[in-house]
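Side chains are part of it too, since the values below use all heavy atoms of this structure and drop only hydrogens, waters and symmetry mates. Order of the sequence lines sets the chain letters (A, B, ...), proteins ahead of strands, with each chain counted from 1.
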Amino acid sequence: MTLALYNTLTRRVEPFAPLASPRVTLYTCGPTVWNHAHIGNFRTFLFEDLLRRHLAYSGYDVFHIMNLTDVDDRTIKAAAAAGKRLDEHTAPFVQAFFEDRDYLRITPAHVYPRATESVPAMVRLVERLLERGVAYKGDDGSMYFAIAKFPTYGRLSRLDTRELKLGARVASDEYTKDDPRDFALWKKAEPTDEQVGAAWDAPFGRGRPGWHLECSAMSLEQIGKCCRTETLDIHAGGVDLIFPHHEDEIAQSEAATGKPFARFWLHGEFLNVRGTKMSKRFGNFLTARDLRDQGVDAAAVRLLFWQTHYRKGLDFSDEALAAAGAGVKRLGEFYERVKRETGNGKREGRLADLAAKFETEFRSALDDDLNAPRACAALFELVHEGNAALDAGASGAAAALGVLDRAMAVLDVLPTTKTVDTELARWIAGRIAARDKARRSKDFKEADRIRAELTAKGVEIEDTPSGTTWRLV
RNA sequence: GGCGCCGUAGCCAAGUGGUAAGGCAGAGGUCUGCAAAACCUCUAUUCGUCGGUUCGAUUCCGACCGGCGCCUCCA
């Protein structure tokens, strides 16, 4: 069984193999740092995290690039509205993005190129396109890409067979572009751009990069640096980027290099709220820090997302999140139980067999276009059967722990361990001792009173044959 | 108008041309002083509707109903 991924380019699930195995070059469209990213944005970043981790689990050496769009229409507009310079406005949001990423346990990319720091590469790309005769200057002084010169334009989004909705892109730029579908590579500097410091000199005029140009230039620059290639193995993003963003990236990059830009295009579906996509525009969004401040365990968010396939819409609700939280708790209980058992018994045994069966299914599920819901089902089956086996005194826990650890390196959905200061730990130990004493003397009223006291402090206790255990909830 | 996606139990959600994974919630039971955790049993004769193909369809085809996305620098 080998990894197969759905490629938007072919609209099929295809066997995946990198160009220069074991190295995999992965470029994922990062956030636009005009504001806080919401958890809909993070659904895509989490899907990419799953991809990244499964590639690593599969033995590949992934080089992951995620750009930061720190200059575009929205960042400029937001900076101007705040009366700040562009970098002044975006810096806190970059910082916040990294904090949110860490909260959600997303593996950091190897590089985070910023648009504002990659302008020379963008200028060079435009010059290359000018040399190739596919770029031109419009009447308004901006540089445009001539899609008429790029015959395969529309291959990704199947645009070749579709018509543009009248008025959508046509009207406003009718007199500046040769073809209404041509898109801006470089936008002539406007007063607002100068005001916030978002304008650069270029041989073809002072201005700023178009959004699509940014991603092409940054990805080509980074894979050139790290891997001396001009073709990405995988390029990923949200479905809304298929057109025009990724279509335009392909046009620019391939027109300039003459080589395929990316071999696999992966797109994650939206996070919805009552059926409609989560969006800043609709005001129906929630940020990662909102969840963090509510005390939501990131593991619950991850499990919630894993339980729906990445190419399917997922409706976000507090109920769904709570259900995932309960699942995370169950996983945590099982993991701790297996860990406790590793001291006893042999490496072989029923538990080891179950774990081996699980790992086969786990791998095959993720190999099948990252079918995380199936992988989770296998995981919970292991929990169920493993618990039953442990109840029956099975051995093999050490082997099972190894398998679990490998699976968790991909899914990472174990409950966040809460840190306890020694003073609190001492107090809890004292209370439990007092309760045990009461229980031994059959003073259950007092025992229950102490338990209530602990519960009030968020301490959950459990009486087992080998004594009372506790955890913070 | 063009391109595309989705509709499976109370909720969430996999899946396959041969008779429905998993999670949450719920009911009963075992264990427990009581709990908790865990286990056992139960909870869709049925996969939006109607047709068609087939020995057989939830799965393929068509129509319809319902929900949604992109075509406006949205993950």
If you take atom types as modelled and just measure distance, does the side chain of A/Asn371 reach the base of B/G15 with a donor-acceptor pair under 3.5 Å?
no

Which nucleotide wins on minimum distance to the side chain of A/Phe270, given the candidates B/G69, B/G23, B/C34?
B/G69

According to a strict under-4.0 Å criterion, is A/Arg330 in side-chain N/O contact with OP1 or OP2 of B/A38?
yes

Closest-nucleotide ordering on RNA chain B, the 5'-leading residue of A/Ala322 and A/Leu314
A/Leu314

Counting only distance, no hydrogens or angles, is the base of B/C34 paired donor-acceptor with the side chain of A/Arg451 under 3.5 Å?
yes

Would you say that A/Ile106 contacts A/Arg52 through its side chain, given a criterion of any heavy-atom pair below 4.5 Å between the two side chains?
no

Specify the closest pair of heavy atoms between A/Ala375 and A/Phe358, including all atoms of both residues, with the distance to one decimal.
O-CE1, 4.2 Å

Check the geometry between A/Phe444 and B/G33 and answer yes if their rings are stacked (centres below 5.5 Å, planes below 30°), otherwise no.
yes

If the threshold is 4.0 Å, N to carboxylate O, is there a salt bridge linking A/Arg43 and A/Asp49?
no

Minimum-distance nucleotide (side-chain atoms of A/Phe380 versus B/C6, B/G22, B/C24)
B/G22

OP1 or OP2 of B/A75 less than 4.0 angstrom from a side-chain nitrogen or oxygen of A/Thr28, does that happen here?
no

Does B/A38 have a Watson-Crick or wobble mate here (both distances under 3.5 Å), and if so which one?
B/U30

If only side-chain N and O atoms count, and only distance matters, is there a donor-acceptor pair under 3.5 Å linking A/Ser157 with A/Glu247?
yes

Between A/Lys442 (NZ) and B/U32 (P), how many Å, whole number?
12 Å

If you assign A/Ala324 and A/Gln307 each to the RNA chain B nucleotide with the nearest heavy atom, which residue ends up on the more 5' nucleotide?
A/Gln307

